[in-house]
Asker: 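Quick one: this structure, given as structure tokens, is what I'll be asking you about.
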Amino acid sequence: MQLQQLRYFLAVAETRHFTRAAEAAHVAQPSLSQQIRALERELGAELFHRTRGNIALTDAGDALLPLARRILADTESARLAVQETVQLRRGRVRLGAPPSLCTSLVPDVLRVFRDRHPGVALMVREGGSRDLVRSLAAGELDLALIITPPSGEAAPALEVTELLHEELVLVSAGERARRKARVADLRDRPLVMFREGYDLREATLAACRAAGFEPEFAVEGGEMDAVLGFVRAGLGPAVLPGMVAARSGLAVTPFAGPGLGRTIAVAHGHEVPLTRAAAALRGTLLTHLRDGAGAGALPPGTRLLLS
């Protein structure tokens with residue numbers, strides 16, 4: 001059974017005339033009649049009573065008519081849905097990002113993308129980079145912003161593009177920010193520390209251990225909003241990304257060279273092609289960063305890594 005045969009059947013059923021049906025379908029009348037016969041052979045039943053000057057549906061034709069209309073309507077709906085998706089009037093993007101980027105870079109990029117493609121649904125999942133990499137590998141995300149490990153080795157199943165190098169800074173409340181801080185200065189200062197699984201926790205612990213000490217915690221286990229609240233309450237300082245610190249309203253102290261930093265990248269599955277909507281979001285992200293760098297508008301302490 002072919003869709004074209006159903007279209008010809010529907011034309012005859014509506015006009016009750018083979019010649020007029022052929023004209024409406026823009027096909028020669030013998031070809032239309034031949035296709036109707038082929039459909040009848042496929043179904044094993046005649047669909048029309050054929051008498052001179054009178055074409056009527058058989059019981060089999062009556063049974064097929066509503067089904068044919070539904071099939072052809074669903075086919076047209078499918079065609080329109082695919083067309084709208086290709087033209088980015090519809091679609092979906094599942095984006096993953098660490099909480100620190102969800103409060104800094106991600107909102108600006110999503111605003112630009114949403115303005116251009118209001119019909120595309122956006123779903124954002126917050127998580128640590130390791131969790132996001134696993135979600136990408138499982139097909140649960142289309143794209144993810146991740147923090148690359150210090151070794152620079154990414155998961156082999158991912159296509160990874162490094163975007164930015166971002167400085168980490170020390171934020172505190174109720175005190176005048178010093179010119180520069182050293183990691184060693186944190187030895188006797190209890191810190192507000194993120195929960196396990198945060199890339200920032202791992203980066204801070206690694207820096208302190210490289211300086212020869214294990215840091216003390218004033219409070220630990222918080223998410224980004226909680227950590228900022230604890231610092232504002234005066235419980236202790238915290239190590240934060242520069243983009244978050246710049247919006248926090250807290251006193252910001254950069255670290256003396258070589259300083260602390262992290263590399264932000266965008267990743268997607270290597271073997272699974274990006275959907276058109278996901279590719280458009282990735283393109284919006286890259287353009288946003290390049291335009292910002294060209295205009296000198298990147299946040300302080302960030303450096304573009306894109307060529």
Side-chain angles (χ1 to χ4, degrees), residues 93-115 121-133 135-136 141-148 162-173 177 191-204 218-255 259-267 281-282 284-289 291-293 297-305:
V93 184
R94 300 166 300 171
L95 173 69
S100 59
L101 295 180
C102 285
T103 61
S104 55
L105 176 62
V106 170
D108 292 337
V109 174
L110 294 189
R111 175 181 52 78
V112 174
F113 182 82
R114 184 72 174 172
D115 288 344
L122 295 168
M123 302 174 64
V124 178
R125 177 185 297 182
E126 292 186 76
S129 293
R130 286 176 291 182
D131 291 337
L132 295 176
V133 166
S135 295
L136 281 173
L141 294 173
D142 301 306
L143 283 174
L145 290 165
I146 62 172
I147 309 305
T148 61
E162 293 186 345
L163 303 174
L164 292 171
H165 181 271
E166 181 181 23
E167 291 182 1
L168 302 181
V169 297
L170 190 67
V171 297
S172 54
L191 300 174
V192 174
M193 183 54 66
F194 293 93
R195 63 168 174 80
E196 292 185 4
Y198 260 65
D199 303 297
L200 290 167
R201 178 189 179 98
E202 302 307 319
T204 304
V219 58
E220 65 173 313
E223 303 280 346
M224 179 60 69
D225 288 343
V227 166
L228 290 171
F230 296 153
V231 175
R232 291 190 183 101
L235 292 173
V239 176
L240 291 181
M243 285 189 284
V244 175
R247 303 182 182 202
S248 68
L250 295 164
V252 178
T253 305
F255 284 98
L260 298 181
R262 64 180 189 169
T263 299
I264 300 167
V266 61
L281 177 57
R282 183 180 183 277
T284 299
L285 169 65
L286 301 188
T287 300
H288 177 78
L289 293 176
D291 289 349
L298 289 180
T302 59
R303 174 169 50 88
L304 188 70
L305 299 179

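As the structure is a prediction and not an experimental result, all values here were calculated from the model.
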Asker: Return the CG to CZ distance between L122 and R94, rounded to the nearest 0.5 Å.
Answerer: 12.5 Å
Asker: What pairs meet the side chain to side chain donor-acceptor pair (under 3.5 Å) rule with one or both residues in residues 235-249, with sequence neighbours excluded?
Answerer: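 For residues 235-249, and leaving out neighbouring residues, the side chain to side chain donor-acceptor pair (under 3.5 Å) pairs sorted by first residue read D108-R247.
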Asker: Report yes if some heavy atom in the side chain of V171 is under 4.5 Å from a heavy atom in the side chain of P237; otherwise report no.
Answerer: no
Asker: Checking L164 against L298 for the side-chain contact (heavy atoms from CB on, under 4.5 Å) test, could you report, in this order, the C-alpha distance in whole Å, the side-chain angles of both residues, the deciding distance, and whether it holds?
Answerer: CA-CA 10 Å; L164 292 171; L298 289 180; 4.2 Å; yes
Asker: Is there any salt bridge (Lys or Arg N to Asp or Glu O under 4.0 Å) pair reaching into residues 227-244, and which pairs are they, with sequence neighbours excluded?
Answerer: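 Found none.
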Asker: Please examine the side chains of L95 and L110, heavy atoms only from C-beta on, and report whether any two atoms are closer than 4.5 Å.
Answerer: yes
Asker: If every non-hydrogen atom of V169 is compared with every non-hydrogen atom of G242, which pair is closest and at what distance?
Answerer: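 Smallest interatomic distance, heavy atoms only, reads CG2-CA, 4.3 Å.
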Asker: Please report the closest heavy-atom contact between F194 and V239, naming both atoms and the distance.
Answerer: CE1-O, 3.7 Å
Asker: Kindly compute the distance separating CG (L260) from CG (L170), expressed to the nearest 0.5 Å.
Answerer: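 These two atoms lie 9.5 Å from each other.
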Asker: Between M224 and Y198, what is the shortest heavy-atom contact and its length?
Answerer: N-OH, 3.1 Å
Asker: For residues L163 and L285, determine if any side-chain heavy atom of one lies less than 4.5 Å from a side-chain heavy atom of the other.
Answerer: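 With C-beta onward as the side chain, the pair touches.
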Asker: Can you measure from CG (L289) to OG1 (T284) and round to the nearest 0.5 angstrom?
Answerer: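 Between L289 CG and T284 OG1, I get 11.0 Å after rounding to 0.5 Å.
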Asker: Looking at side-chain heavy atoms only, is the closest gap between V231 and L240 below 4.5 Å?
Answerer: no
Asker: Without swapping roles, check the side chain of S135 against the backbone of L141 for a donor-acceptor pair under 3.5 Å.
Answerer: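 No, because the side chain of S135 does not come within donor-acceptor range (under 3.5 Å) of the backbone of L141.
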Asker: If you measure from CG on L145 to OG on S104, what distance do you get to the nearest 0.5 Å?
Answerer: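 The OG atom of S104 is 9.5 Å from CG of L145, to the nearest 0.5 Å.
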Asker: Among E166, R262, E126, which one satisfies side-chain hydrogen bond (donor to acceptor under 3.5 Å, both in side chains) with S100?
Answerer: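 Passing option: R262.
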Asker: Is there a side-chain contact (heavy atoms from CB on, under 4.5 Å) between L281 and V109 once you walk through the steps?
Answerer: CA-CA 8 Å; L281 177 57; V109 174; 4.1 Å; yes
Asker: Got a second to check how far R201's CZ is from E196's CD, nearest 0.5 Å?
Answerer: 5.0 Å
Asker: Minimum heavy-atom separation for L304 to A293, with atom names?
Answerer: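 Residues L304 and A293, closest heavy atoms: CD2-CB, 3.6 Å.
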Asker: Say you draw a straight line from CD1 of I146 to CG of L101; how long is it, rounded to the nearest 0.5 Å?
Answerer: 11.0 Å
Asker: Which pair of heavy atoms, one from S129 and one from I147, lies closest together, and at what distance?
Answerer: OG-N, 2.8 Å
Asker: Side-chain contact, heavy-atom cut-off 4.5 Å: P241 with L168?
Answerer: yes
Asker: How far apart are the closest heavy atoms of H288 and L105, and which atoms are they?
Answerer: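 Heavy atoms only, the tightest pair is CD2-CD1, 4.2 Å.
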